[in-house]
Enquirer: 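Input: one structure, supplied below.
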Amino acid sequence: MSDRPAKQKLWGGRFTGKTDPLMHEFNQSLKYDQRMHTADIRGSIAYAKALTRVGILTKEEETKMIEGLEAVEREWTIGQFKAEPDDEDIHTANERRLSQLIGSEIGGKLHTGRSRNDQVATDMRLWLLDEVEDIQASLKALIRVIIERADKERDILLPGYTHLQRGQPIRWSHFLLSHALSFRYDLERLQQLIPRISVLPLGSGALAGNPFAVDREFLAKELGFKSLAENSMWGVGDRDFIAEFLMWASLTMTHMSRISEDLIIYSTAEFGFVTLSDAYSTGSSIMPQKKNPDSLELLRGKSGRIFGHMAGFMMTLKGLPSTYNKDLQEDKEPLFDAVDNISASLKIAEGVIATMEVYGDKMRQALTMDVLATDLADYLVRKGVPFRETHHVSGRAVASAEARRCQLNDLNVDDYKKLHPKFDDDVVQVFDFEASVERRMAIGGPSRKTLDRQISVLRAALQ
Ligand code: ARG
């Protein structure tokens, strides 16, 4: 690699020795931070304008500077930016190219009062704000797809599970919406991050602020930031917005993993509740019959990877001295990878859920009468018996059916009367799954009415 004298580097004035070739490479972030080129150029254009306002640049110099920066951006967008060996990162690369294009007489003035420390913190925030917009849109699309299915498939009943054991009957829509609600709060949390990402560090300098009195409020306005870093040391050293984003992504992916796990289980032949469309499945290289839910498995797997980025980056931050330290360059790869993977995950999940086949008959078959044991106890409650007693009585009915290898509705009314005198002929009405679900009409339950409410509350949250 470069065996060039360090003095040729952007910061090389005080250096006489050479940079070790491996160190040169080790230090270089351009290969991954070049994806922030637009944010970097936008920040520089705003900064050039701010410099003109305090008399560092003339109006003509500003115009030349902006034209030059726009030309550099064009080279990036058409894939014609040519990196040079001493381009350490996106900031040095853009500045080097700017001076080549417009001459260092003017180009050399851009960095007046600015440091890569306030520059990189600004770029990261600008870049992430754009990504968060896209992620928000994808998350909303995912929630919408879940709501649409729930809206259409409300007739389908299945057992709800606790401990993966059949518990009580629910509507399939109720299951779907339980996951939509997790994502709805993820959306809210993501939106709450925005004001803390949208804090402008530019004008903080290296650490001690800007000596040319640049108008930071003007800079914030130009770049669309909601507020200013009120302390320059904090401005260059803070990466909490990245940690918070990674925490958000970890929790959102945890929800992704849980719905995936449910659907993986439901797609087994043993359950047979759903099958994924071919578009989101893969086959086995040896077992011809296989259709594997790889999409869901990857969603579940990616949650570990993203949690890892969060935990790793927290360790990077822990124990750092104040302000900028080069450790902070390690914020980029975890953030970029988390953004890429969560963006893809949201889109894949949307596709999986939109296209999977649902088998209502299979779900119905899984509804054995024992999932009405709670309803049986509730029947006696309605006749004035304390629940603790009715729970016991219903348990004895379950045991008795089990001993006779029959279902709860195969016991006759006399059997029930022997179990408790308050049982009557109308006990047969308990053995109706639809009625059981419809009784659960307290807000939050699976009845048709409360389902309507869930759907409208979720739709409102997306507005
Ligand atoms: N590439 C660096 C980073 O990502 C930019 C800031 C460099 N600042 C410095 N003082 N070396 O963190």
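One-based numbering, in listed order, for ligands and for the atoms of each.
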Enquirer: Got the closest protein heavy atom to atom 1 (N) of ligand 1, with its distance?
Expert: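 For atom 1 (N) of ligand 1, the nearest protein heavy atom is Gln329 OE1, 2.7 Å.
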Enquirer: Take every heavy atom of Lys332, measure it against each atom of ligand 1, and state whether any distance is under 4.0 Å.
Expert: yes
Enquirer: Within the structure provided, determine whether His174 and Thr450 are in side-chain contact (heavy-atom separation under 4.5 Å).
Expert: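 With C-beta onward as the side chain, the pair stays apart.
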Enquirer: Pull out every atom of ligand 1 sitting under 4.0 Å from any heavy atom of Asn117, numbered as shown with elements.
Expert: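 Result: 8 (N), 9 (C), 10 (N).
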Enquirer: Are Glu88 and Gln329 linked by a side-chain donor-acceptor pair shorter than 3.5 Å?
Expert: no
Enquirer: Which bit of His91 is near ligand 1, meaning a heavy atom under 4.0 Å away: side chain, backbone, both or neither?
Expert: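 Under 4.0 Å from ligand 1, His91 contributes side-chain atoms alone.
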Enquirer: For Asp89, counting its heavy atoms only, list the atoms of ligand 1 lying under 4.0 Å from any of them.
Expert: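 In order of numbering, the contacting atoms are 1 (N), 2 (C), 5 (C).
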Enquirer: So, Gln463 and Arg459: side-chain donor and acceptor under 3.5 Å apart, yes or no?
Expert: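 No, no side-chain donor-acceptor contact under 3.5 Å.
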Enquirer: With a cut-off of 4.0 Å, which atoms of ligand 1 are near a heavy atom of Ser29?
Expert: 1 (N)
Enquirer: State, with a plain yes or no, whether a side-chain heavy atom of Arg440 is found less than 4.5 Å away from one of Gln168.
Expert: yes
Enquirer: State, with a plain yes or no, whether a side-chain heavy atom of Thr252 is found less than 4.5 Å away from one of Arg189.
Expert: no
Enquirer: Nearest protein heavy atom to atom 3 (C) of ligand 1, by residue and atom, and its distance?
Expert: Tyr324 OH, 3.2 Å
Enquirer: Got the closest protein heavy atom to atom 11 (N) of ligand 1, with its distance?
Expert: Arg116 NH2, 3.6 Å
Enquirer: Show the numbers, then the answer: is there a ring pair (Phe, Tyr, Trp, His ring centres under 6.0 Å) between Phe271 and Tyr266?
Expert: CA-CA 5 Å; Phe271 275 78; Tyr266 291 174; 5.7 Å; yes
